[in-house]
Amino acid sequence: MTKLRYGIHEFFYTLMTFPRAWRFMVNHRLWVGLRQYGWVARGLVAVGILVGLFMITEVFEWLESHADEPLTAMAIGSDSLIWQWLLEAYNSLSNGVLNWVVLVLLEVVIYHFMRQTLRVILEKDVEEAHTFKPFLNAQIRMLQVSFMAVILQQVLVNIGNAVLPNFVEGLFAIAVQSTILGYAIADNYNEQFELTIQQSLKQLQRNYIGICMGLGLPLFLLLKVPLFGTVLGPLLTSVAAAIVLREKSDLHLVGYQMSEKEKEKADKKRAKAERKAARRKQRGTAKSLS
């Protein structure tokens, strides 16, 4: 029960971080330096923006069919534009693949804003971080995380649809997708401290589910807003993640703390590697003597 209360507190604390993240982003001009990543990265951002424009056609179609109605019709009634967006969001929850396509394409934005935020709040900088290889590694990691996330999301939503009442399953699906989206952004923070994907997942699952949901819910909603939300959502969430995880996590002070099982596994792996190295050395010595 204590863990649940703490998770709820973290969720609302994270939501309250977003206004601070916006002011931090503007005051420190975090967008400076995006051009350093080259034409490949900028091309991915452009494609991500185009993908995020898919909802504009729906807006125009709705406006054409409701041209004679007052503006209040956009927000009120079962045929309103806002209601249609909510329905579309709910209907896409069974896969939500488009959200992950956008995140993969905009990984350069997430990577840059996360790195710039940590540079300011922790004076942490990675030499040559703007070169192609670190960006490529981050892009590959986001692909791996997204693939895993889509599968997990599909499984959890299907379970919810099977066992939950109709009036609850929609909220459950939104909570699942928000939490997993938040995890993907929080993983970028852990990546900066050289955690593997498995270590990052364990660390966030054990301690920061409320933060992941608090990061993911605004991102989930912003990704439904064409162009503006598609770009703003990932970058603002990455800044919020860096701020809140720096405040709530001691990762930047003590690093990743392995469990006893992880330590045992790591020791076995290290001992195995040492035995292999010793055998190679012995073979090399035998050949030189012969």
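All heavy atoms count here, side chains included; hydrogens, waters and symmetry mates do not.
Residues Pro234 and Leu103 come closest through the heavy atom pair CG-CD2, 4.1 Å. For the pair Glu107 and Asn188, the tightest heavy-atom approach, listed with the atom from each and the gap, is OE2-OD1, 3.0 Å. Residues Ser238 and Ile185 share a closest heavy-atom pair of CA-CG2, 3.7 Å. When every heavy atom of Ala138 is checked against every heavy atom of Tyr111, the shortest pair comes out as CB-CD1, 3.7 Å. Gly214 and Phe18 make their closest contact through O-CE1, 3.5 Å (heavy atoms, listed as atom of the first residue, atom of the second, distance). Taking all atoms of both residues into account, the shortest heavy-atom contact from Leu118 to Ala242 is CD2-CB, 4.2 Å.
The shortest distance between side-chain heavy atoms of Ser178 and Leu219 does not fall below 4.5 Å. Counting heavy atoms from C-beta on, the side chains of Ile174 and Leu217 come closer than 4.5 Å. With contacts defined as side-chain heavy-atom distances shorter than 4.5 Å, the pair Leu232/Trp22 qualifies. Residues Arg246 and Ile243 are not in side-chain contact: their nearest non-hydrogen atoms beyond the backbone lie 4.5 Å or more apart. Using a 4.5 Å heavy-atom threshold, the side chains of Met148 and Ile197 count as touching. Side-chain contact check for Leu245 versus Leu251: every heavy-atom pair is 4.5 Å or farther apart. Counting heavy atoms from C-beta outward, Lys202 and Gln199 have side chains that stay 4.5 Å or more apart. Between Thr117 and Met114, the closest side-chain pair of non-hydrogen atoms is not below 4.5 Å.
The CG atom of Leu156 sits 11.0 Å away from atom CG of Asn161, with the distance rounded to the nearest 0.5 Å. Leu215 CG to Phe11 CZ: the interatomic distance, rounded to the nearest 0.5 Å, is 10.0 Å. Of the inter-residue distances, the one linking Leu181 atom CG with Ser146 atom OG reads 9.0 Å to the nearest 0.5 angstrom. Atom OH of residue Tyr13 and atom OH of residue Tyr6 lie 9.5 Å apart, to the nearest 0.5 angstrom. Expressed to the nearest 0.5 Å, how far OH of Tyr189 lies from CG of Leu195 amounts to 10.5 Å. Atom CG of residue Asn158 and atom CD of residue Glu169 lie 10.5 Å apart, to the nearest 0.5 angstrom.
Taken together through direct or relayed side-chain contacts under 4.5 Å among Ile, Leu, Val, Met, Phe, Trp and Tyr, Ile8 and Val176 form part of one hydrophobic cluster. Note on Met16 and Val26: separate hydrophobic clusters, where clusters join Ile, Leu, Val, Met, Phe, Trp and Tyr whose side-chain heavy atoms are under 4.5 Å apart, directly or indirectly. In this structure, Leu152 is a member of the same hydrophobic cluster as Leu164, with clusters built from ILVMFWY side-chain heavy atoms closer than 4.5 Å.
Other residues, nucleotides and ligands place more than 12 heavy atoms under 6.0 Å from the CH2 atom of Trp31.
The backbone N or O of Tyr183 sits nowhere less than 3.5 Å from a side-chain atom of Asp187 that would complete a donor-acceptor pair.
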Under 3.5 Å donor-acceptor pairs involving side-chain atoms of residues 204-213, not counting sequence neighbours:
residue	atom	partner	partner atom	Å
Asn207	ND2	Gln203	O	3.4
Tyr208	OH	Lys248	O	3.4

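Not a single ring-ring contact (aromatic ring centres under 6.0 Å, His included) links Phe172 to another residue, sequence neighbours left out.
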Q | Intermediate values then yes/no, side chain to side chain contact (heavy atoms under 4.5 Å, CB included), Leu30 and Phe24 | A | CA-CA 8 Å; Leu30 298 183; Phe24 184 93; 3.9 Å; yes
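Residues Gln144 and Arg141 have side chains that never bring a donor and an acceptor to within less than 3.5 angstrom of each other.
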